[in-house]
There are 2 protein chains.
Amino acid sequence: MKKKISLRVIKRISFYYEALLKLNLSDDLYISSIKLEEITGVSSNQIRQDFFYLGISIGKQKKGYQIKRLFNELKKVLPIDRRVDVIIIGAGRLGCCLSEYKLFEVRHINVVALFDVKEELISKAEERGSHCAPIHHIDKLDGFLSEHPNIKIALLTLPENSAQEMLNKLVKLGIKGIVNFAPKILKIPEYAEDVQIVNDCIGASLYKVIYQIYNKA
Amino acid sequence: MKKKISLRVIKRISFYYEALLKLNLSDDLYISSIKLEEITGVSSNQIRQDFFYLGISIGKQKKGYQIKRLFNELKKVLPIDRRVDVIIIGAGRLGCCLSEYKLFEVRHINVVALFDVKEELISKAEERGSHCAPIHHIDKLDGFLSEHPNIKIALLTLPENSAQEMLNKLVKLGIKGIVNFAPKILKIPEYAEDVQIVNDCIGASLYKVIYQIYNKA
DNA sequence: CTCTTTATTGTTAATTTTTAATATAATATT
DNA sequence: AATATTATATTAAAAATTAACAATAAAGAG
């Protein structure tokens, strides 16, 4: 009954959601599509089109959208108020960085644990704040996932040469969603078509800036 | 007279370019659009369409595109030979992570230096590999930029409470493009409208995966 | 308070981009 | 040499984005 929302729309909605999260503390009550464009980089036309498509019709002329209300509408689209447990494979700089990422908390994304092959990272775990997720050796992954069957998502922050192998392993262990941060496109094995992968590219926004600065006519 | 190439095409072309760079060492002479799809994640239809649009018509049936030749064709399209120098403000985990980011090398993005307020990070610089960019104290930023007037872009990996202040400073020092990684929306001062900013959101792709897993009909 | 101006939405229309389909040609195979 | 296969180049169809604009609520002037 629900209409299928394309992945592109989902991606943009998550940008809007993100922007609103960041604004939440501020006491501006309303935000216009133009303001939202400034923040998200998505054009105001696109934003209004998206809201129209999704049946979000809560804007007020000359003011914009009530932030809290818009936030709730977007929440309905991305059913993101459910707590989501994830693990991080790779406890290097990026992995640790993500495990402490403030926005994850706000979004109810809970990093349950990190895994790594390097023993020295594991021993270092104690040095980290007590609020941080524990770092385990990768050998314990199998058992860990058996004990935590609710974990369906893994973030991959490994070097590119080991990422594909680890993905295959994760799929075998029942992981259903993977965000790959390695600078390499990873593929889902053919026998596991229901598994979702997103190849994230951290630096990509830099290209936009470079292009705008050096190629602007 | 050159036709205007959209930012989207530019982005994809840079993916192809990057893929070819990785292949260059291999001795496969030809690559097909399907193989390129596997590497880049861009559909083979899209790839052929892009080449058609750009007038790149060098494919051989049943073999694909001669790698070296395709590489040269793409090079013509992308003004990617230019080296772009950038600095990173904030030498924490994310900053260091970005300074070693492999894709930056491939794309000729050169992290010249990192800056931080914390003395201990600066002293630690020697422990890092010699190939890494040096970490300086933030007080040296002013002088550094005077000595390197070609640096127009800064990546901001600071905590959110100090990010806006630093942005203002950077703008005053002549920086023209900023990528903000702090989980806070930053504003360009009104007197500096030519400055480009992108507020990057590291975790956003996770939403996509969550949506796909928990909303699959 | 009433009128005018203005900003911003919701919606439709035009344009652009992407995806799919197909005709064609080169290569490999039997 | 004939045939089947595979991959391109091109065209056509579908989808997504951008632009346009009428409607109208809010703000401001008098």
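Sequence lines set the chain letters: A, B, ... in the order given, protein chains first and strands last, and positions in each chain run from 1.
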Could you give the [atom1]-to-[atom2] distance, from [X] to [N], as a whole number of Å?
X	N	atom1	atom2	answer
A/Glu37	D/dT17	CD	P	14 Å
B/Gln46	C/dT16	CD	P	16 Å
A/Leu36	C/dA7	CG	C1'	17 Å
B/Arg12	C/dT16	CZ	P	16 Å
B/Leu7	C/dT18	CG	P	11 Å
A/Ile5	D/dA15	CD1	P	16 Å
B/Leu70	D/dA9	CG	P	10 Å
A/Leu29	C/dT8	CG	C1'	17 Å

Side-chain N or O of [X] closer than 4.0 Å to phosphate OP1/OP2 of [N]:
X	N	value
A/Arg48	C/dT9	yes
A/Tyr30	C/dA7	no
B/Ser6	C/dT17	yes
A/Ser43	D/dT18	yes
A/Arg8	C/dT18	yes

When rounded to the nearest 0.5 angstrom, what distance separates CD1 in B/Ile210 from NZ in A/Lys152?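 Nearest 0.5 Å value for the CD1-NZ distance: 14.5 Å.
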Approximate separation, where rounding is to 0.5 Å, of A/Asn180 CG and A/Leu170 CG: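 Reported value, rounded in 0.5 Å steps: 10.5 Å.
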Candidates C/dA20, C/dT18, C/dG10 - which lies nearest the side chain of B/Asn45: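 Nearest nucleotide to the side chain: C/dA20.
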Proximal nucleotide (of C/dT9, D/dA12, C/dA13) relative to the B/Gln49 side chain: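 Looking only at side-chain atoms, B/Gln49 lies closest to D/dA12.
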Does a donor on one side chain sit under 3.5 Å from an acceptor on the other, for A/Arg107 and B/Tyr207?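 Indeed, the side chains of A/Arg107 and B/Tyr207 share at least one donor-acceptor pair under 3.5 Å.
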Regarding B/Asn168 and B/Gln164, do their side chains bring together a donor and an acceptor under 3.5 Å, going by distance alone?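 Checked: B/Asn168/B/Gln164 side chains pair up, N/O donor to acceptor below 3.5 Å.
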Closer than 3.5 angstrom, by distance alone: can the side chain of B/Ser32 be matched with the main-chain N or O of B/Lys63 as a donor-acceptor pair?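 Pair absent, no side-chain N/O of B/Ser32 close to backbone of B/Lys63.
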Would you indicate what A/Ser33 reaches in the nucleic acid, counting non-hydrogen atoms under 4.0 angstrom: base, sugar-phosphate, or nothing?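 Contact class for A/Ser33: sugar-phosphate only.
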For DNA chain D, what residues of residues 50-63 of chain A have any heavy atom nearer than 4.0 Å?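 Heavy-atom cutoff 4.0 Å gives A/Lys60, A/Gln61, A/Lys62, A/Lys63.
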May I ask you to check whether over 12 heavy atoms, not counting those of B/Lys172, lie within 6.0 Å of atom NZ?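 For B/Lys172, atom NZ is not crowded (no more than 12 foreign heavy atoms under 6.0 Å).
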Taking the ring of B/Tyr30 and the ring of B/Tyr65, is the distance between their centroids below 6.0 Å?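 Not under 6.0 Å, so no.
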